[in-house]
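No experiment lies behind these values; they were computed from the predicted model shown. Labels below follow one simple rule: chain letters A, B, ... track the order of the sequence lines, proteins then strands, and each chain is numbered from 1.
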Number of protein chains: 2
Amino acid sequence: MNDLNKSTPSTKLYLEIVEKLREMIDTDGLVSGDKIPSERELSERLNVGRSSIREALRALELLGLIETRRGEGTFIRDYQDHNLIKLLGTFFLQDPKVKQDLAETKEYLETNCIRIVISSSPEQDLEQFLNWATGQEFSDDEFFTKLVGLNSNFLMERIWTIVNSYARAANQEFLALDYSSYIRLIHLMIERNINQAISHYLKNIRKK
Amino acid sequence: MNDLNKSTPSTKLYLEIVEKLREMIDTDGLVSGDKIPSERELSERLNVGRSSIREALRALELLGLIETRRGEGTFIRDYQDHNLIKLLGTFFLQDPKVKQDLAETKEYLETNCIRIVISSSPEQDLEQFLNWATGQEFSDDEFFTKLVGLNSNFLMERIWTIVNSYARAANQEFLALDYSSYIRLIHLMIERNINQAISHYLKNIRKK
DNA sequence: TTTTTATAAGTGGTCTGACCACATTAGGCT
DNA sequence: AGCCTAATGTGGTCAGACCACTTATAAAAA
């Protein structure tokens, strides 16, 4: 019988295992790329069946917290979306209202981001951004990935990334890129001109 | 041997099962509350082991798409729930940088929300909001839940809810509520005065 | 007949042991 | 040394077994 969670389970066993794994990762100081014990070893150490271990690992895998490689093992990995996106996508991305909300939200996040960058990014970063944009071709995605990266808020970055990948999955329309508009946006940001930057973004980049 | 995914699997079996389940739900027109076939029956129908079925169900359960009740069965459920939140929470809420990002992001979302409400919510809704706030006591949470609800973007609402629940879990500080500040914010919104509303929010409600 | 109570059947939860497919390693051969 | 082959370790999957719990069924009691 399993050690955690005797008799009538208050929470599902696999969720407790997830918690135990978290502690294990924490106390052992495991970081991205490290290997975690094999399923069989975990099964022994926690005194639970291997199938329960696997259910917990599936949950973590789904969240993108671990990666399993057959024949090799299971590895910690940087938190990223992944399967979750795909799953939710195949399930509920057909709702048109959801699509509209996605586009809207993406836009809000991006204007918000422009505001923040304007009011707090150092000149130097913006110049570097400008150099990058001037020197090469890029996609809308790449541009805003860079931009979102400029405000050093990891959470915000993640939210945008997720919303963006949803939005991309829901809407396959490609905008013809007008590089000069993007460059102009950067210039407006360097001039710290919030209002013009935002209206430029809305009019010339999102074509509203 | 399983029917889906013979020999060298291109994608994991449990993910294929998820897809099959989605189709099944789709074609059978199952909706929230309906019962899906038992694990054993699914196992037979799809010609895969019951453990694989379970791994797929765990994934869906984690996403809040289904609910399992021991002794009864597995049921479809509205997709707005949060094992996911809890899990992610326990996983990376210990990082102090994350905490700061949370507070910041919450603030961004809220100012953003104020902007949107000001520029698109009908007078009537705002008056109603004012009445609600005038008539009773409320928490900061409740106030902003209402406010976020005013811009009719479900996704945005969800994001705020999630960020907010994280933020609350990470930061237990309670602000002493000054109701007049909240009332004043609503008035400023009714006057459609974006700049003042936002600076009032930052200065008097978030005490910056 | 109606109500209560035992029994059976169905279902999710878990464990065990068995293969398979694949990757890495260790030995042994040339 | 270099190559090939076994052995080992790992995740992926399956089958069957119990357990705990719920619901439906049938038998017994009123």
Side-chain angles (χ1 to χ4, degrees), chain A residues 1-21 24-25 30 33-77 82-83, chain B residues 1-21 24 30 33-77 83:
Chain A
M1 196 38 50
N2 71 70
D3 270 2
L4 341 162
N5 208 346
K6 357 234 168 208
S7 68
T8 296
S10 46
T11 68
K12 312 232 167 172
L13 180 53
Y14 84 98
L15 289 177
E16 303 207 8
I17 294 176
V18 164
E19 176 56 21
K20 276 274 180 289
L21 284 174
M24 193 175 296
I25 291 173
L30 300 184
D34 289 351
K35 191 166 176 301
I36 69 178
S38 75
E39 296 179 351
R40 288 166 179 86
E41 187 181 337
L42 287 173
S43 173
E44 276 193 16
R45 271 172 48 179
L46 300 181
N47 274 302
V48 298
R50 197 182 148 210
S51 52
S52 297
I53 294 287
R54 282 184 60 79
E55 291 189 14
L57 291 180
R58 283 298 77 67
L60 294 181
E61 185 182 56
L62 189 78
L63 295 177
L65 295 172
I66 60 171
E67 179 182 3
T68 56
R69 295 201 284 270
R70 173 196 239 148
E72 299 181 60
T74 303
F75 304 83
I76 310 247
R77 149 170 143 177
H82 236 72
N83 286 335
Chain B
M1 197 37 53
N2 72 71
D3 270 3
L4 342 163
N5 206 347
K6 358 234 167 205
S7 67
T8 295
S10 46
T11 69
K12 311 230 170 179
L13 181 53
Y14 85 97
L15 290 176
E16 303 206 10
I17 294 176
V18 164
E19 176 56 22
K20 276 273 179 291
L21 284 173
M24 194 175 296
L30 300 184
D34 289 350
K35 191 167 176 302
I36 69 179
S38 75
E39 297 179 351
R40 288 167 178 85
E41 187 182 337
L42 287 174
S43 173
E44 275 193 17
R45 276 178 35 184
L46 300 182
N47 273 304
V48 298
R50 196 181 149 211
S51 53
S52 297
I53 294 286
R54 282 185 61 79
E55 292 189 12
L57 291 180
R58 284 298 76 68
L60 294 181
E61 184 182 55
L62 190 77
L63 295 177
L65 296 174
I66 62 171
E67 179 183 2
T68 56
R69 295 201 283 271
R70 174 200 231 137
E72 298 182 60
T74 303
F75 303 84
I76 309 240
R77 151 168 143 178
N83 267 338

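Residue B:L13 has its side chain nearest to D:dC14 when only D:dC14, D:dG11, C:dT14 are considered. When distances are taken from the side chain of A:R40 to each of C:dT14, C:dC19, D:dC14, the shortest belongs to C:dC19. The side chain of B:R58 lies closest to C:dG13 when the candidates are D:dG12, C:dC15, C:dG13.
Applying the side-chain hydrogen bond (donor to acceptor under 3.5 Å, both in side chains) rule to B:T68 yields the partners A:K12, B:E61; only residues at least two apart in sequence or on another chain are considered. By the salt bridge (Lys or Arg N to Asp or Glu O under 4.0 Å) test, A:E39 pairs with A:R50, A:R54, sequence neighbours left out. The salt bridge (Lys or Arg N to Asp or Glu O under 4.0 Å) search around A:R40 returns none, not counting sequence neighbours. Take B:E44 and apply the side-chain hydrogen bond (donor to acceptor under 3.5 Å, both in side chains) test, not counting sequence neighbours, and it matches no residue. Contacts of A:S51 classified as side chain to side chain contact (heavy atoms under 4.5 Å, CB included), with partners at least two apart in sequence or in another chain: none.
The closest side-chain heavy-atom distance from A:L21 to A:L42 is below 4.5 Å.
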Which atoms of nucleotides 22-26 of chain D (N or O only) lie under 3.5 Å from a protein N or O atom, and what are those distances?
none

What does the list of N/O pairs under 3.5 Å between the protein and nucleotides 6-8 of chain D look like, with a distance for each?
none

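For B:T68 and C:dG13, the shortest distance from a side-chain N or O to OP1 or OP2 is below 4.0 Å. A:S52 has a side-chain polar atom (N or O) that falls below the 4.0 Å cut-off from OP1 or OP2 of C:dC15.
Counting non-hydrogen atoms under 4.0 angstrom, B:R50 reaches a base of the nucleic acid. Residue A:S51 is in base contact, counting any heavy-atom pair closer than 4.0 Å across all strands shown. Using a 4.0 Å heavy-atom distance criterion, B:S43 is classed as making no nucleic acid contact.
Straight-line distance from the CZ atom of A:R69 to the P atom of C:dT24: 9 Å, rounded to whole Å. Atoms CD1 (B:I66) and C1' (C:dT11) sit 14 Å apart, rounded to a whole Å. Regarding A:I17, its CD1 atom lies at a distance of 8 Å from the P atom of C:dT14, rounded to whole Å.
At its two ends the helix from C:dT1-D:dA30 to C:dT24-D:dA7 runs along axes set 20° apart, each axis drawn from five pairs and the angle rounded to 10°.
Taking both residues in full, the closest heavy atoms of B:G49 and B:S43 are given as C-OG, 3.7 Å, listed atom of the first, atom of the second, then distance.
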